[in-house]
Amino acid sequence: MSSDQPAQVSCPQCGTPVLWTASSTYRPFCSRRCRLVDLGEWLDEGHRIPGEPADPPPPGDNDPH
């Protein structure tokens, strides 16, 4: 691949090839639909970032500032 061609990635949702250019509005996704499906999976906790759970705040520490 020559250096003057944009990179190509696979849509993380469906695997469709996507050119990494400004005209690829939803990159790295191929479409709005794939982007929204992925967002829905995060909101439903289908995707998780590995690691230890965050500790809850100490009792009485309800002030967010």
Side-chain angles (χ1 to χ4, degrees):
M1 183 162 113
S2 69
S3 61
D4 61 341
Q5 292 186 359
Q8 182 173 310
V9 297
S10 295
C11 173
Q13 193 61 41
C14 70
T16 298
V18 178
L19 291 178
W20 198 267
T21 64
S23 64
S24 299
T25 307
Y26 302 107
R27 68 180 183 264
F29 302 100
C30 66
S31 66
R32 183 172 188 255
R33 179 192 173 279
C34 280
R35 184 177 71 173
L36 291 174
V37 168
D38 186 75
L39 176 61
E41 289 176 1
W42 280 100
L43 294 174
D44 287 340
E45 298 184 5
H47 295 308
R48 294 176 187 225
I49 297 173
E52 294 296 317
D55 292 330
D61 190 16
N62 295 332
D63 183 15
H65 301 286

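These numbers come from the heavy atoms of this one structure, side chains and all, not from hydrogens, waters or symmetry mates.
The shortest non-hydrogen separation linking Cys14 to Cys34 is SG-SG, 3.8 Å. Nearest heavy-atom pair, Pro6 versus Trp20, reported as atom, atom and distance to 0.1 Å: CB-O, 3.9 Å.
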From CA spacing to verdict: side chain to side chain contact (heavy atoms under 4.5 Å, CB included), His47, Asp38: CA-CA 9 Å; His47 295 308; Asp38 186 75; 3.3 Å; yes
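Formation of a donor-acceptor pair under 3.5 Å by the Arg27 side chain with backbone atoms of Thr21 is found in this model. Side chain of Thr16 to main chain of Cys11: no donor-acceptor pair is present (N/O by atom type, distance under 3.5 Å, no hydrogens or angles).
Side-chain contact check for Ile49 versus Trp42: some heavy-atom pair is nearer than 4.5 Å. Looking at heavy atoms from C-beta onward, Gln13 lies out of side-chain contact with Arg35 at the 4.5 angstrom threshold.
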